[in-house]
Amino acid sequence: MNAKWIWKQGKNGENTWMDLVKRFTLEGAPERAIAQIAADSKYWLYINGEMVVIEGGIKRGPSRNSTYYDEVDITRHLSDGENTIAVLVWHFGQQGFSHYSSGMGGLLFEADIDGMIVSSDSSWKIMKDPAYVVADENDLKANFRLPESNIYYDASRALGEWYMPSFDTSDWDNADVVGNAGTDAWGELRKRIIPQFKDYGIEDYINSADYTGFTATKDTVLEMRLPYNAQITPYLKVTAPEGKRIDIKADNYIDTLYDTQSIMAVYYTKNGEQEYESPGWINGEKMYYSIPAGVTVHELKYRETGYDTEFAGNFECDDEFLNKLWQKSLRTLYITMRDNFMDCPDRERAQWWGDVNVEMQMMMYSLDEKALLLYKKGVDEMAGWAEDSGYMLTVVPSGKNQFELPLQNLAGIWGFWYYYEYTGDKTVPERAYNMSKDYLLSYAMKNGLVEHKTGSWDWPDWGDNADIAPMENAWYYMALTACRSMTELLGYSSDLPLYDERLESIRANFDLMFWKDGHYYDNTENGAPDDRANALAVLSGLADKDKYSDILKILLTTENASPYMEKYVLDALCKMGHIKEAVDRIKKRYKEMVEFDYSTLWEYWNREGTLNHAWSGGPLITMSKYIAGIRPLETAYRRFEIKPYLGGLKHIKCTVPSVAGAIVLEIDAGAAIEMRVRIPENTTAEVYLPLINNELPQNTELEFTVLDGYARFILTGGEYRL
């Protein structure tokens, strides 16, 4: 790319907004025009007065010295004659837990238009947008974890439609060239692999009509209701005198547990009728507009935007509690996706890898293949930062503290292989292998087991009574097993002894050290065994089946796990064959969350912290993977299982959007059981039909065998009724 980074020299402060314009002439409408665009930090692209990209760019940091660029097809937006490219750029100007600031604002633009190159250089016109004003010193700033700032817009200072072809920019400055592509402050350019964000369009709030024509006789806060927790940009249309201040905040603005705040929008009115849409996204189920006395409301609306993926999976049954929880889990997953998988979309927006590992497993049962790209992007970032730092970090990109939480990292290494098993995508193990191997070998062994690694701080999970030593050894064993599998896949046979020696050592010593009086235990605050430690012993395979009945007693009576680790406790119950007990535990632990009138799941079991936290959606997996019973037996669903667990259910319908194609199950149980399945082409399914009183299936010519209360069919691509 020959384009230059352009900006206005010296304008690199926090929360800087810049307008840039380029005009050029084409002889005829183009057949093909592809633009490459990078910005520090976000951009909005207009071509010939039309919005083409809303919030382009990805927060910076595929590694410490690299920046993402977008590739955008702009062919249909260009025309014969003069054309106008206009770009609004938001420079965050500060670090955050999800952004590594270069310290320099900038725009890089290059378009190949049928061989004609239009690129950013000193011929572009530039102006610092005067309507985006500095923060009121009396206001709370967005908390330090966020690179984004509150947005303050003064309509009385606005330029008008500066992005339109007719707007005169002759008195604007020419842009300053501040760097070369691929070098200087922004470093190497890396192509964005995730799609542009999805624009759902401007919509009314549920209660917008209640306030159409409302005139405030005193300062009034209007509560506007959204249909669910969403990422939105708020809109207003009002008539007002100049200088009135309208604040827009979400119900998630304040995190009471941490006493921190997210982002708000502030609008200062001009005189007369006016409309405004704040460009920075915020989230919540309710938006609060503070309407000053003397302001008349014509319209209050919102634009939902979000990661461009489809809700391709589903689960429903005749138990409304489970249905509601599955949908809340899905909504929680979706609102924690954008530039990266997030822990939460309000307090942090950060890619904590323990959260990502759960989100990755959830997306396998609920979202289309575009969602896989967000995970791949995250893995690439982890590897890029490991290459730069020589160490595997838990949250990247980050311009703040560089965190290492060892148990989240170990879970992540296990997850790299889990992802491969579900997708057959070899690129993730290829990218993740070296950092995974290096990280595992950074652990010392003592007495045949892993020597404790504290990392940034001891964090096995939120909550009390974590039994760290058996948890750490089980996670390490799972990560070793995954890395050994990656070694075989990638052909690194010389590395196998590294893993085999440690695997054998841990297996030989785990029970000797930790199995005591019918449970796994080392040390807890209350002197009692921990559900998490015992669950991980099951999931790692370190617990033999003859111990399952004893471990079950612990998992039925102990509830130390936070919503993050609860997912793994549920997995352990299901692996041991106790799906009913897993459902009972779900109904007990998630009762308050499900009954609470909110569309997403909380960070903790009480309503402290965020009301939408990625790690809480594990029951979605339990329902699709174990109650519907759909899970791969071979990589990429070449061979898979459908083994529904009815319990007391009479109806289950489930779709799993596998990489091989949609897998569909519908089962109805009455006097007889009827089951319908759809098997993707070029796959083989082991389908288990539940039997009533061990009576054999009727009216079928398909071969089957009877096994543990099921009739087992081996089916290939097609639709079947059993």
Would S658 and F640 count as a side-chain contact (heavy atoms from CB on, under 4.5 Å) here? Give the steps.
CA-CA 10 Å; S658 84; F640 63 93; over 6 Å; no

Suppose we call two aromatic rings close when their centres sit under 6.0 Å apart. Are Y200 and W281 close by that rule?
no

Are S599 and N229 close enough that a side-chain donor and a side-chain acceptor fall under 3.5 Å?
no

So, is the end of the R338 side chain (NZ or CZ) under 6.0 Å from the ring centre of Y307 and within 45° of the ring's axis?
no

Derivation of the salt bridge (charged side-chain N to carboxylate O under 4.0 Å, His left out) call for D318 and K653:
CA-CA 9 Å; D318 53 310; K653 184 176 182 180; over 6 Å; no

Kindly check if the number of other-residue, nucleotide or ligand heavy atoms within 6.0 Å of CG (N682) is above 12?
no

Return yes if some donor-acceptor pair links the side-chain N/O of D388 with the main-chain N/O of R64 below 3.5 Å, else return no.
yes

Gap separating the CD1 atom of I627 from the CG atom of D319, nearest 0.5 angstrom:
8.5 Å

Could you tell me if the side chain of L333 sits less than 4.5 Å from the side chain of S366, heavy atoms only?
yes

State which residues pass ring-ring contact (aromatic ring centres under 6.0 Å, His included) with Y720; sequence neighbours excluded, sorted by chain then number.
none

Sequence neighbours excluded, the answer for salt bridge (charged side-chain N to carboxylate O under 4.0 Å, His left out) partners of D339 is K42

Among M382, M342, E381, whose side chain to side chain contact (heavy atoms under 4.5 Å, CB included) with Q351 holds?
E381

Just checking, any donor-acceptor pair under 3.5 angstrom between side chains of H613 and S616?
no

Flag the pair D343 and R349 as a salt bridge only when some basic side-chain nitrogen lies within less than 4.0 angstrom of an acidic carboxylate oxygen.
no

Establish, yes or no, whether a centroid distance under 6.0 Å links the rings of Y433 and F416.
no

Step by step, would you call Y375 with M363 a side-chain contact (heavy atoms from CB on, under 4.5 Å)?
CA-CA 10 Å; Y375 179 75; M363 77 182 181; 3.7 Å; yes

Start with the C-alpha distance between D668 and R676, add both sets of side-chain angles, then the distance that settles salt bridge (charged side-chain N to carboxylate O under 4.0 Å, His left out), and finish with yes or no.
CA-CA 9 Å; D668 290 290; R676 294 168 292 282; 2.8 Å; yes

Are there over 12 heavy-atom neighbours, none belonging to E501, within less than 6.0 Å of that residue's CD?
no

R32: what forms a salt bridge (charged side-chain N to carboxylate O under 4.0 Å, His left out) with it, not counting sequence neighbours?
none

Hydrogens and angles aside, do D461 and S562 bring a side-chain donor and acceptor to less than 3.5 Å of each other?
yes

Exceeds 12 heavy-atom contacts within 6.0 angstrom, atom CD of E71:
yes

For this output row, return yes or no: ring centroids of Y688 and F713 closer than 6.0 angstrom.
no

Partner of M364 under side chain to side chain contact (heavy atoms under 4.5 Å, CB included), picked from V659, V656, L372, is L372

Is the closest side-chain donor-acceptor distance between Y476 and R502 under 3.5 Å?
yes

Do Y564 and V358 pass the side-chain contact (heavy atoms from CB on, under 4.5 Å) test, and can you show the C-alpha distance, the side-chain angles, and the key distance before you say yes or no?
CA-CA 8 Å; Y564 165 58; V358 175; 4.0 Å; yes

Within 45° cone and under 6.0 Å: K453 NZ/CZ vs Y443 ring:
yes

Please step through side-chain contact (heavy atoms from CB on, under 4.5 Å) for the pair L189 and S66, ending with a clear verdict.
CA-CA 6 Å; L189 291 169; S66 56; over 6 Å; no

Does this structure show an ion pair linking E310 with K198, if we count only N-O contacts that are shorter than 4.0 Å?
yes

Between K643 and D708, is there a side-chain N and carboxylate O pair less than 4.0 Å apart?
no

Identify whether the distance between the nearest side-chain nitrogen and carboxylate oxygen of D425 and K376 falls below 4.0 Å.
yes

Are the side chain of R631 and the backbone N or O of K625 linked by a donor-acceptor pair below 3.5 Å?
yes

Value rounded to 0.5 Å, distance of CG in D380 from CZ in R431:
4.5 Å

Rounding to 0.5 Å, atoms SG (C483) and OH (Y492) come to a distance of 11.0 Å

Are K567 and D571 ion-paired here, with the side-chain N under 4.0 Å from a carboxylate O?
yes

Does T683 use its side chain to pair, donor to acceptor, with the backbone of P680 at less than 3.5 Å?
yes

Under the 6.0 Å and 45° cation-pi test, does R192 pair with F197?
yes

Check: L601 main-chain N/O paired with T332 side-chain donor or acceptor under 3.5 Å
yes

